[in-house]
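The structure appears below as structure tokens.
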There are 2 protein chains.
Amino acid sequence: MTQHRQNILVTVDTAIFTLQDSQLQVLLVQRATEPFKGAWALPGGVVQEEPDGSLEQTAFRKLAEKTGVASPYLEQVMTFGGPERDPRGYSVSVLYMALLRSTELVLQGDDRVSDIAWVRVDGERVDRPLAFDHAKLLEAACQRLRSKAQYSSLIAHLLPDEFTLSELREAYSSILGVSLNAAGFRRRVLQAGLVEEVKGAFRHHGRRPAQLYRLHPESNQVYFETNLMWRVGEG
Amino acid sequence: MTQHRQNILVTVDTAIFTLQDSQLQVLLVQRATEPFKGAWALPGGVVQEEPDGSLEQTAFRKLAEKTGVASPYLEQVMTFGGPERDPRGYSVSVLYMALLRSTELVLQGDDRVSDIAWVRVDGERVDRPLAFDHAKLLEAACQRLRSKAQYSSLIAHLLPDEFTLSELREAYSSILGVSLNAAGFRRRVLQAGLVEEVKGAFRHHGRRPAQLYRLHPESNQVYFETNLMWRVGEG
DNA sequence: TGAATAGTGTCTGTTAGACATTATGCA
DNA sequence: TGCATAATGTCTAACAGACACTATTCA
């Protein structure tokens, strides 16, 4: 068996999500270079052995370049590889998902990008074709987001630091595509210890002011007890 | 910006699990070549652009080479990358997890392997040090296995095609590390539609013969309703 | 006929979901 | 003072967990 010299292009791509008016948005860039020049794509780039350490560091670097955000919620989703994905040859893309708080964000392109925009996600799609197999990547990221939303505090990372329970419920409702009972939601979220009250802080845009909450600082991800298939027995 | 020529080694490694006497086992190989010659490692190998299509096909090929099993349960777990993992330079490993039915398996090495063995998994560890960062990879695979076991039919893929509910419960119990109520387990598994009865087939090694079941053929993975954070409302 | 395991019936505490009710501030 | 939204209370059906009980085979 000969030691075959590999020629594989390794990239990190990130589906960067945020919420605007309770609508899920993903950050897309328009490619300025071949291949797929002019097409929209998930932001990403080639892994560079020199500046980058782990793959996660690569993702963080790309994220900071595009959004200026230093430490959002970041999670590896899945890796795609094959000979047909990129006309330049066999390629491997490590897909990450990032959740940004829905505050104002300054977007910044670079010389390999001719435009950059937030695009509304409808189901698991956007309104335009994507370069490479990025439609498939976006689908995978959406599925991960939805499935984790069902049993964890993930969605709170899409909201501002402080939020009302109604805002949180709206966000879950929009992303899961179901209407949620307000009283039940409140009870479950509070009982799970997902959030903590911000003492004396209220949101005033409704009639009665609403208590503001924030995620519990020590745990950035809370899972609900009721997921567990079986409770742990004593014996 | 200069188009830097990447020099990254891409491999696929697989944590192949099975059950023996209700104990979780993982398949390890002893390396016959440098680096880490003589050390034990998860089976895996370099992605070859020529014979392989997708990464999953690479994993299936390696699996068939080692175990002769054509189509076990296979799932991508996570990808590890960095400059420190492999002394040869920056490397990327795509980790898969495979579940094999606990029937007799003929193991076969190749010229890059000096030995191959099933090794008992205790918690998320084995009784010997592993090459590269494979201890971390094994840990990740074990965590995925345990977390999915809590709310899905995954564990059934570790059993023979036909099994009793007691055997299934034993397997879950061993892997989750908890004792499970027999009556409750039976009710949940049957109600979830996880298995179907094999009419007229019984296991006779106890006193009263036990009904044999098999996984529902159309769905190789069943999730329990009770995972869902909230039931879907009508409105 | 007793031992051992398979499988069923029943009770109970918890909790999610539905909905009614109260609280609060603003127009 | 009426209204809209926030927040709480109450009722009920579903169900997990515990455990008692029955069923079935073999030694």
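Chain naming here is simple, since letters A, B, ... match the order of the sequence lines and numbering starts at 1 in each. None of the values given here were measured: they were computed from a predicted structure.
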Legend entry - Between D:dA6 (C1') and A:Phe163 (CZ): distance, integer Å: 16 Å
Inset, instruction - Can you tell me the distance, in whole Å, between the OH atom of A:Tyr213 and the C1' atom of D:dA7? - result: 8 Å
Legend entry - Proximal nucleotide (of D:dA6, C:dG17, C:dG7) relative to the A:Ser166 side chain: D:dA6
Legend entry - side-chain contact (heavy atoms from CB on, under 4.5 Å) against B:Ala59, all qualifying residues, sequence neighbours excluded: B:Val12, B:Thr14, B:Leu74, B:Tyr96
Legend entry - Base of C:dG9 paired with side chain of B:Arg187 (donor-acceptor, under 3.5 Å): no
Legend entry - B:Glu197 CD to C:dA6 C1', straight-line distance once rounded to whole Å: 13 Å
Legend entry - Salt bridge flag under 4.0 Å for residues A:Glu197 and A:Lys199: yes
Can you tabulate the close N/O pairs, meaning under 3.5 Å, that link protein atoms to atoms of nucleotides 20-25 of chain C?
from, atom 1, to, atom 2, distance (Å)
C:dA23, N3, A:Arg208, NH1, 2.8

Inset, instruction - Could you state the atom-to-atom distance from CZ of B:Arg188 to P of D:dA14 in whole Å? - result: 16 Å
Inset, instruction - Indicate the atoms forming the closest heavy-atom contact of B:Leu95 with B:Leu137, along with that distance. - result: CD2-O, 3.3 Å
Legend entry - For atom CD of B:Glu167 and atom C1' of C:dA6, their distance in whole Å: 12 Å
Inset, instruction - Would you sort out whether A:Ser93 and A:Thr11 count as a side chain to side chain donor-acceptor pair (under 3.5 Å), showing the intermediate values? - result: CA-CA 5 Å; A:Ser93 285; A:Thr11 62; 2.7 Å; yes
Inset, instruction - Grab the CD-P distance between B:Gln191 and C:dG9 for me, whole Å please. - result: 15 Å
Legend entry - Residue mapping more 5' on DNA chain C - nearest nucleotide basis, A:Asn181 or B:Ala182: B:Ala182
Inset, instruction - Would you mind reading off the distance between B:Leu212 atom CG and C:dA6 atom P, rounded to a whole angstrom? - result: 11 Å
Inset, instruction - Taking the six-membered ring for Trp and the full ring for Phe, Tyr or His, determine whether the centres of B:Tyr213 and B:Phe163 are under 6.0 Å apart. - result: no
Legend entry - Whole-Å distance separating the CZ atom of B:Phe185 from the P atom of C:dT8: 14 Å
Inset, instruction - Using the side chain to side chain donor-acceptor pair (under 3.5 Å) rule, take B:Gln23 and B:Arg120 through it: C-alpha gap first, then chi angles, then the decisive distance, then the call. - result: CA-CA 7 Å; B:Gln23 294 290 336; B:Arg120 176 172 160 187; 3.2 Å; yes
Legend entry - Pair A:Glu162 + A:Arg203: basic N to acidic O under 4.0 Å: no
